[in-house]
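Here is the structure we will look at.
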Amino acid sequence: MGQLCGRCMQLLRDFVALVQKMSSELVHSIKECLALISECSCLKQNGSKTRQLYKPVLQPHERVTAQEFLQQIERGFEMSPLGKDPLEALRILAFSENPGLQQSAALYYLHMSQHMNVPLPAEHLEPFYALLRSADLEVQQVSSLSLVNFLLEGNIDKEMVVQMGLLEPILDLLESEDPTVQCNSCACTMTLAVSESNREAIGAARGVTPLLSLANSYDPRVQQNAVGAILNLTQSERIQLVLCKEGALPVLTLLLESPDSEVQVSSQACVCLRNLATRADTQAKLVAKDVLPRLCSLLVSSSEDVRRAAVALLWVLSQYPHNQDPLVCTELLQSLGMLLSVHTTDHVIAGHAACIIENLNLSKNRQRIIESPCVEGLLQTMLSIDIQEDSLHYVTLCLAELAKQEGATLRMVKWIDEPLTKRLVRLAGQREHTETSFRAASIIQHMIDHEKMMLLLKCHITEIQAYLKNFLTHQEVRFQQLAISTFCRLQADPEFSLAFRESQMAKLLEQVRQQTEETQELLRAAICHADS
């Protein structure tokens, strides 16, 4: 960090002289001096307006300490942990009953938090206890903000903050009536709750209830930090139970309706509910609270984070059988289909939406799925998602299962075109992802009997022969069976039949037949030997 400019150095010299002459004006001068320094561009400090203080009576040792501390500042004002004597001076100021001296200590911590790039030793945390406990609102605001800065920059060990006893005053500040203090204390709690041991400590100290209360705050900063803290707490299974018991579900469900200007709150609330929805009884309560219409409305949000969080929560809900009847409603299926069609390249949405449709693909629900835009959306997504994405695995799985039903096959044939056909053939032919290859070939096989599909496939005879040969030599029987079934259906077409004869496909089939017969002979011998 750079040195003070000439103007600020002169201010400090004038101030030290003033202290020596006018002890009764010490507190006011400290405040005014630090405020003027903070306005100077040499330290790149944001301006803050000077507040008029009363003139308290200073204890003799406090007056001496303040003078020594100012001399330490004048000698360099270096942004590094203080030595033993200056640290003791800072401790005296922090534990003073004089609000002005506490404000000076809090301002120094704030400046350190904004400019220091080295870890803060544990002994420097002790004065924070007195500052956070101060009855002075400004001290609470400044000290809590500096603690947030230290935590966010990683200059304080999070577990050490709790071990030093600072969690209790931080949680007490959650019940402050000042929005700034609420915002800072929520941010502290949110950052501390990243640690597993800290989460348990926050739960044991009854920090859940005030956070839920602040999640309803009209101040968006407070609300966002409170929900962020709750989100981190949901990583603990024990605290999940506490949150549900303390009424988190209705609070978080209501937050799903946050306005577009507060999209992060809606997204965080979705993720909180997803983490809480690991238990069947919690899911039943969510569905009973009409969470589904709210989630459907979030699927069309302008925010990517909100859309992803909403579809992820719906995926969790769809995994449990007792939720499937309420989930299979026209609104949800329509929303999922449109979501897939509009956001074809979003692999997160594609994977979760495909899994939801697959979970709901039961015989009693199948007709509704077929009649919805879901089939078209899945096809368009399959066309756009990169082969390396895991979501393509789930999209092809869902389509392959749907293709087993004639109604869904007719729907696919309606939407199939040259780009989709080319994509299916290429997916079937690639060898890196064998399951995706098998499912793509299965989808093709189910549509071969339709004239439109047969005409489209004739443009890819060479590629189809290649993947059929690969399947016939595959070690797994299911690949061989799929290749044989596809071959039989394609051979009914003259063009494919001619191509097969020219490529000696029949010879390869004969080799497979002989291997199969040899395997059968070996099996019969093994069975006879076992019986004897």
Side-chain angles (χ1 to χ4, degrees), residues 91 94-95 106 109 113 119-134 139-141 143-176 178 180-217 221-249 251-252 268-269 271-276 278-279 282:
R91 186 182 290 112
F95 281 88
Y109 269 121
S113 72
L120 192 70
E123 56 267 23
H124 287 68
L125 291 175
E126 183 183 349
F128 268 109
Y129 187 89
L131 296 175
L132 295 172
R133 286 290 196 193
S134 173
V139 174
Q140 295 176 5
Q141 292 174 337
S143 60
S144 59
L145 176 59
S146 63
L147 186 56
V148 171
N149 292 341
F150 280 127
L151 287 168
L152 291 178
E153 291 298 325
N155 289 331
I156 293 182
D157 182 82
K158 297 177 178 62
E159 285 79 9
M160 183 62 68
V161 171
V162 175
Q163 293 169 13
M164 293 290 290
L166 297 183
L167 180 60
E168 183 180 353
I170 290 172
L171 296 181
D172 286 344
L173 291 182
L174 293 175
E175 301 185 33
S176 169
D178 180 68
T180 300
V181 174
Q182 292 174 347
C183 180
N184 294 342
S185 56
C186 283
C188 284
T189 308
M190 174 178 64
T191 311
L192 292 174
V194 172
S195 160
E196 181 178 355
S197 61
N198 285 353
R199 287 194 288 267
E200 299 302 320
I202 292 169
R206 301 183 181 277
V208 169
T209 303
L211 286 173
L212 288 173
S213 176
L214 293 178
N216 289 319
S217 172
R221 303 171 305 154
V222 175
Q223 187 180 60
Q224 182 174 314
N225 286 342
V227 179
I230 294 169
L231 174 57
N232 288 340
L233 290 175
T234 60
Q235 303 296 320
S236 165
E237 292 185 7
R238 191 184 71 81
I239 298 183
Q240 287 176 4
L241 297 175
V242 176
L243 283 164
C244 292
K245 183 179 179 181
E246 294 294 327
L249 296 184
V251 172
L252 295 171
Q268 288 176 329
V271 180
C272 287
L273 290 172
R274 185 186 69 191
N275 293 343
L276 294 174
T278 54
R279 295 167 53 90
T282 303

**Request:** Heavy atoms only: give me the nearest Cys186-Ala229 pair and the separation to one decimal.
**Result:** O-CB, 4.1 Å
**Item:** Minimum heavy-atom distance Ile170-Leu147, with the two atoms named
**Value:** CD1-CD2, 3.7 Å
**Asked** Once you round to the nearest 0.5 Å, how far does CE of Met190 lie from CD1 of Ile202?
**Response** 11.0 Å
**Asked** Looking at side-chain heavy atoms only, is the closest gap between Ile230 and Val251 below 4.5 Å?
**Response** no
**Request:** With the side chain counted from C-beta on, respond yes when Val242 and Lys245 share a heavy-atom pair under 4.5 Å apart, and no when they do not.
**Result:** no
**Prompt:** Minimum heavy-atom separation for Arg221 to Cys183, with atom names?
**Reply:** CB-SG, 3.8 Å
**Asked** Looking at OG of Ser195 and CD of Glu200, how far apart are the two atoms once the value is rounded to the nearest 0.5 Å?
**Response** 9.5 Å
**Prompt:** Can you name the nearest heavy-atom pair linking Asn149 to Ser113, along with the distance?
**Reply:** ND2-OG, 3.1 Å
**Item:** Check: Asn155 side chain, Phe150 main-chain N or O, donor-acceptor pair, under 3.5 Å
**Value:** no
**Request:** Give the C-alpha distance, both sets of side-chain angles, the deciding distance and a yes or no for side-chain contact (heavy atoms from CB on, under 4.5 Å) between Val148 and Thr191.
**Result:** CA-CA 8 Å; Val148 171; Thr191 311; 5.6 Å; no
**Message:** Tell me whether Gln140 contacts the main-chain N or O of Leu132 through its side chain, where contact means a donor paired with an acceptor under 3.5 Å.
**Reply:** no
**Message:** Return the CG to CD distance between Leu214 and Gln223, rounded to the nearest 0.5 Å.
**Reply:** 10.0 Å
**Message:** Whether the side chain of Thr234 engages the backbone of Leu231 through a donor-acceptor N/O pair (distance < 3.5 Å, no angle test) should be reported.
**Reply:** yes
**Item:** Pairing of Arg133 and Glu168 as salt bridge, 4.0 angstrom limit
**Value:** yes
**Request:** Kindly determine whether Asn232 and Asn198 satisfy side-chain contact (heavy atoms from CB on, under 4.5 Å), including the steps that lead there.
**Result:** CA-CA 10 Å; Asn232 288 340; Asn198 285 353; over 6 Å; no
**Request:** State, with a plain yes or no, whether a side-chain heavy atom of Arg279 is found less than 4.5 Å away from one of Leu241.
**Result:** yes
**Asked** Which residue pairs pass the salt bridge (charged side-chain N to carboxylate O under 4.0 Å, His left out) test when at least one of the two sits in residues 147-159, sequence neighbours left out?
**Response** none
**Request:** Nearest 0.5 Å please: distance from the SG atom of Cys244 over to the CG atom of Leu252.
**Result:** 9.0 Å
**Message:** Once rounded to the nearest 0.5 Å, what's the spacing between atom CG of Asn184 and atom CG of Asn225?
**Reply:** 8.0 Å
**Item:** CZ (Arg206) with more than 12 external heavy atoms under 6.0 Å
**Value:** no
**Asked** Does any N or O in the side chain of Tyr109 come within less than 3.5 Å of the main-chain N or O of His124, such that one atom is a donor and the other an acceptor?
**Response** yes
**Request:** Just jot down the salt bridge (Lys or Arg N to Asp or Glu O under 4.0 Å) partners of Arg199, sequence neighbours excluded, or say none.
**Result:** none
**Complete:** Correct closest heavy-atom pair for Thr282 and Leu276 would be CG2-O, 3.3 Å
**Message:** Restricting to non-hydrogen atoms, name the atom on Leu174 and the atom on Gly207 that form the minimum distance, rounded to 0.1 Å.
**Reply:** CD1-O, 4.3 Å
**Asked** Is a donor on one side and an acceptor on the other found under 3.5 Å between the side chain of Ser146 and the backbone of Ser143?
**Response** yes
**Asked** Judged by modelled atom types alone, do Asp178 and Gln141 share a side-chain donor-acceptor pair under 3.5 Å?
**Response** yes
**Item:** CD/Glu123: more than 12 non-hydrogen atoms of other groups inside 6.0 Å
**Value:** yes
**Prompt:** Looking at side-chain heavy atoms only, is the closest gap between Leu249 and Leu273 below 4.5 Å?
**Reply:** yes
**Asked** Within the distance-only criterion (no hydrogens, no angle test), does the side chain of Asn275 pair as donor or acceptor with the backbone N or O of Gln235 below 3.5 angstrom?
**Response** no
**Request:** Look up atom CD in Glu246 and atom CD1 in Ile239, then write down how far apart they are to the nearest 0.5 Å.
**Result:** 11.5 Å
